[in-house]
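Below: the structure, in C-alpha cells.
Worth saying up front: this structure is predicted, and the values here are computed from it rather than measured.
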Amino acid sequence: MGTPKRRLAVLSSHLLPTGPAPSSSSSGVSASFCAQQRLSHSQESGHENDCVFCKIIRGESPAVKFCLLQLYEDDTCLCILDTNPLSLGHSLIVPKSHFSCLDATPPSVVAAMCAKVPLISNAIMKATDADSFNLLVNNGAAAGQVIFHTHIHIIPRKARDCLWTSESLRRRPLKIDQETSQLADQVREKLSNICECSSKGQESSLS
C-alpha cells in the first residue's frame, strides 16, 4: 500500500501542491494491473485477479493477518487497518465489488460506504484516544491513488501531531472575479449535462 514516507509526501502534496508529483515507481506496491493509470470500466473485470483489495475480499490474504486487519464488514463493504499507516488507527473502507476509482463507483455503493464513516471513525477515535480524523479519497493517479480499487481513508488525528506540515500555512481567499464566475458557470453546465444524460439513460432503460 506504499511506504509511509511516500504516502505522507503524496497526501501532503494535496494541501501544498508544489513541485512535481511523486513517482508511483517509488511506492512499495508491486507493479500490477491495479497499480496503474485509471482503468476503463471495460477493463476492470479482467483486472480484479491482480487487485490487492480483491484478494483480501476473496480471502486470499493470509487468514491470521486478515483477521488482525479487519475491523468491520457488511454486505457492501469492509474496513481494514492500513498496513502502512500515517497515524495509529489509519484505516480503509473498501467496497467488496471492484471499482477502479470513485467516479466509477455507483452512488449506492458510495452512500453505503459513507454511511459507515460515523460509526467506524467513532470507534477508531475512542480506541486510539484521537479527537479528530481526516476523511480522504485519492481519486486518480495525479491525486496520489496507488491501488486502483476505490477506498476511503480514515486517518485519526491528535492536536499538534504535525502530520500535515502545510496546515500552518495561511489559505488565500478566493477572488470573486470574472475568472471565478466563469469557472462556476462551467461546473454548473457540466453538472446539468451529466444530470441530463443520466435522466435519458434511465428513461431508455425503462422503455
query: Any side-chain heavy-atom pair from Thr76 and Ser108 closer than 4.5 angstrom?
result: no
Flag, side chain of Lys96 to backbone of Glu73, donor-acceptor distance under 3.5 Å: no
task: Report yes if the side chains of Ile154 and Leu135 come closer than 4.5 Å at any heavy-atom pair, otherwise no.
output: yes
- request: Give the C-alpha distance, both sets of side-chain angles, the deciding distance and a yes or no for side chain to side chain contact (heavy atoms under 4.5 Å, CB included) between Cys114 and Ile152.
  value: CA-CA 9 Å; Cys114 290; Ile152 299 174; 4.2 Å; yes
- prompt: Does any non-hydrogen side-chain atom of Ile155 lie less than 4.5 Å from one of Leu163?
  reply: yes
field: Closest non-hydrogen atom pair, Trp164 against Arg157
entry: NE1-NH1, 2.7 Å
message: So Ile147 and Phe53, do their side chains get closer than 4.5 Å, heavy atoms only?
response: yes
field: Check: Thr150 side chain, Cys101 main-chain N or O, donor-acceptor pair, under 3.5 Å
entry: yes
field: Nearest atoms (heavy-atom pairs only) where Asp74 meets Lys116
entry: OD2-CE, 3.3 Å
field: Non-hydrogen side-chain atoms of Ile56 and Val94 separated by less than 4.5 Å
entry: no
- prompt: With the 4.5 Å side-chain cut-off for hydrophobic clustering, are Leu183 and Leu191 part of the same group?
  reply: yes
field: Interatomic distance, Asn139 atom CG to Thr105 atom OG1 [nearest 0.5 angstrom]
entry: 8.0 Å
query: Just by modelled atom types, is the Pro95 backbone N or O under 3.5 Å from a matching donor or acceptor in the His149 side chain?
result: yes
statement: In short, Met113 meets Cys77 closest at the heavy-atom pair CG-CB, 4.2 Å
- request: Supply the atom-to-atom distance Ile194 CD1 to Glu189 CD, rounded to the nearest 0.5 angstrom.
  value: 11.0 Å
- prompt: If you take all heavy atoms of Ser87 and Pro156, which pair is closest and at what distance?
  reply: OG-O, 2.8 Å
message: If you compare all heavy atoms of His98 against all heavy atoms of Phe148, which two are closest, and at what distance to 0.1 Å?
response: CE1-O, 3.4 Å
Ser91 side chain near Ile120 side chain, heavy-atom distance below 4.5 Å: no
message: Give me each pair satisfying salt bridge (Lys or Arg N to Asp or Glu O under 4.0 Å) with a member in residues 135-153, each pair once, sequence neighbours excluded.
response: none
- prompt: Is the His153 ring parallel, tilted or perpendicular to the His90 ring (thresholds 30°, 60°)?
  reply: tilted
- prompt: Say you draw a straight line from CG of Asp185 to NZ of Lys190; how long is it, rounded to the nearest 0.5 Å?
  reply: 12.5 Å
statement: Residues at least two apart in sequence or cross-chain that pass side chain to side chain contact (heavy atoms under 4.5 Å, CB included) with Ser97, listed by chain then number, are Phe99
task: Answer with yes or no whether the hydrophobic clustering places Leu88 together with Leu71; edges join I, L, V, M, F, W, Y residues whose side-chain heavy atoms lie under 4.5 Å apart.
output: no
message: Are Tyr72 and Ile93 packed together at the side-chain level, in the sense that at least one heavy-atom pair is separated by less than 4.5 angstrom?
response: no
message: Side chains of Asn138 and Val146, heavy atoms from C-beta outward: is any pair under 4.5 Å?
response: no
message: More than 12 heavy atoms of other residues, nucleotides or ligands under 6.0 Å from CD of Gln178: yes or no?
response: no
query: Is there a donor-acceptor contact under 3.5 Å from the side chain of Thr180 to the main chain of Ile176?
result: no
